[in-house]
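These numbers were taken from a predicted model, which means no experiment stands behind them.
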Amino acid sequence: LLIACATFMTYDYVTFRDQQIKDAQALADVLGTGSTAAMSFDDSGAVRETLNALTNKPQVTRALVYVPDGREFAAYRRQNVQPAAVDVPANGEGSIVTADRIGVFRPIVFNHEQLGTIYLEADRTQQHERVRHFGETVLLVLAGSTVIAFAVAWTLQGLISGPILR
């Protein structure tokens, strides 16, 4: 039972993480597409305004838009998030997964020309909460199974050994 629970927990952990990466990539693509006109006209204020829509996504800690030469063009940072250096991949794509964050790089492309790269970073508090709840559920199932197994064993032990002892 413990092995089955551990297997389900691992599967849930991996699939939830992969879904978070896909969601972050999709959001970065939407933000990048919404920023192409402003980037074409070198309007970093308009890009910052687009990124500020992320205030409605509490799991997003920061979003950074870089121009092809690697300079930061516009940024969004959740309150209390410190600026930190990010190494932009040459092709503008990739992901970073650590214990406490997921970061994705997506190219910003318009008419087959790469205008820049967007980096979107989200914390993993949702996943940590999910693992904690899953662990609590596993403990309850194991405790309940142990109590039931003990009760069944106690009853069967009396039924089987009773006639032998008489």
(request) Answer yes if the side chains of Gln19 and Asp23 hold a donor-acceptor pair under 3.5 Å, and no otherwise. (result) yes
(message) Taking the side chain as everything from C-beta on, heavy atoms only, tell me whether Met39 gets closer than 4.5 Å to Val65.
(response) yes
(request) State yes or no: do Leu140 and Met9 share one hydrophobic cluster built from I, L, V, M, F, W and Y residues joined by side-chain heavy-atom distances below 4.5 Å, directly or via other members? (result) no
(message) So Thr117 and Glu93, do their side chains get closer than 4.5 Å, heavy atoms only?
(response) no
(request) Could you tell me whether Asp87 atom CG has more than 12 heavy atoms of other residues or ligands within 6.0 Å of it? (result) no
(message) Give me the atom names and distance for the closest heavy-atom approach of Leu120 to Ala24.
(response) CD2-O, 3.3 Å
(request) Identify the heavy atoms of Val47 and Ala38 that sit nearest to each other, and give their distance. (result) CG2-CB, 3.6 Å
(request) Following the transitive rule for hydrophobic clusters with a side-chain heavy-atom cut-off under 4.5 Å over Ile, Leu, Val, Met, Phe, Trp and Tyr, establish whether Phe134 and Leu2 coincide in one cluster. (result) yes
(message) Check whether His128 reaches the backbone of Asp100 with its side chain - one donor and one acceptor, N or O, closer than 3.5 Å.
(response) no
(request) First locate atom CG of Leu27, then atom CZ of Arg106, and finally report the distance between them rounded to the nearest 0.5 Å. (result) 11.5 Å
(message) If you count every heavy atom of other residues, nucleotides or ligands that lies below 6.0 Å from Phe8 atom CZ, does the total exceed 12?
(response) no
(request) Work out which heavy atom in Ala74 is nearest to a heavy atom in Ser44; give both atom names and the distance. (result) CB-O, 3.9 Å
(message) Is it true that, when you exclude Ile3 itself, more than 12 heavy atoms of the residues, nucleotides or ligands shown sit nearer than 6.0 Å to its CD1?
(response) no
(request) Could you tell me which non-hydrogen atom of Ala75 sits nearest to which non-hydrogen atom of Arg48, and how far apart they are? (result) O-CG, 3.7 Å
(message) Assigning hydrophobic clusters by single linkage (Ile, Leu, Val, Met, Phe, Trp, Tyr; side-chain heavy-atom cutoff under 4.5 Å), is Val141 placed with Val131?
(response) yes
(request) Could you tell me the separation between the OG atom of Ser95 and the OH atom of Tyr119, rounded to the nearest 0.5 Å? (result) 10.0 Å
(request) Indicate, with yes or no, if Leu31 and Ile108 share a hydrophobic cluster defined by side-chain heavy-atom contacts under 4.5 Å among Ile, Leu, Val, Met, Phe, Trp and Tyr. (result) yes
(request) Go through the steps to decide whether Tyr76 and Thr55 satisfy the test side-chain contact (heavy atoms from CB on, under 4.5 Å), and finish with yes or no. (result) CA-CA 9 Å; Tyr76 160 80; Thr55 56; 3.7 Å; yes
(request) Report yes if the side chains of Gln126 and Gln20 come closer than 4.5 Å at any heavy-atom pair, otherwise no. (result) yes
(request) Examine Val138 and Tyr13 and state if one hydrophobic cluster contains both, with Ile, Leu, Val, Met, Phe, Trp and Tyr joined whenever side-chain heavy atoms are less than 4.5 Å apart. (result) yes
(request) Carefully, step by step, assess Thr125 and Gln59 under the rule side-chain contact (heavy atoms from CB on, under 4.5 Å). (result) CA-CA 8 Å; Thr125 54; Gln59 71 274 18; 5.5 Å; no
(message) In the structure I gave you, are the side-chain heavy atoms of Val97 and Arg124 within less than 4.5 Å of one another anywhere?
(response) yes
(message) What's the separation between atom CZ in Phe16 and atom CD1 in Ile21, rounded to the nearest 0.5 Å?
(response) 11.5 Å
(request) Inspect the surroundings of CD in Glu49 and state if more than 12 heavy atoms from other residues, nucleotides or ligands are less than 6.0 Å away. (result) no
(message) I need the His133 NE2 to Glu136 CD distance, nearest 0.5 Å.
(response) 6.5 Å
(message) Measuring only between side-chain heavy atoms, which start at C-beta, is Arg78 closer than 4.5 Å to Asp123?
(response) yes
(message) Rounded to the nearest 0.5 Å, what separates atom OG1 in Thr61 from atom CG in Leu54?
(response) 10.0 Å
(request) Would you mind reporting whether Phe105 and Val86 have side-chain heavy atoms less than 4.5 Å apart? (result) yes
(request) Spell out, as yes or no, whether a donor-acceptor pair under 3.5 Å connects the side chain of Thr50 to the backbone of Ala46. (result) yes
(request) For atom CZ of Arg71, decide whether the heavy atoms of other residues, nucleotides or ligands shown that lie under 6.0 angstrom number more than 12. (result) no
(message) Is the shortest side-chain heavy-atom distance between Leu115 and Ser40 below 4.5 Å?
(response) yes
(message) Return the CG to CD distance between Asp29 and Gln25, rounded to the nearest 0.5 Å.
(response) 7.5 Å
(message) To check you understand the geometry: which heavy-atom pair defines the closest contact between Leu64 and Arg77, and what is its length?
(response) CD2-NH2, 3.6 Å
(message) Looking at Arg62 and Glu72, is any side-chain nitrogen of the basic one under 4.0 Å from a carboxylate oxygen of the acidic one?
(response) no
(message) Taking the side chain as everything from C-beta on, heavy atoms only, tell me whether Ile118 gets closer than 4.5 Å to Leu51.
(response) yes
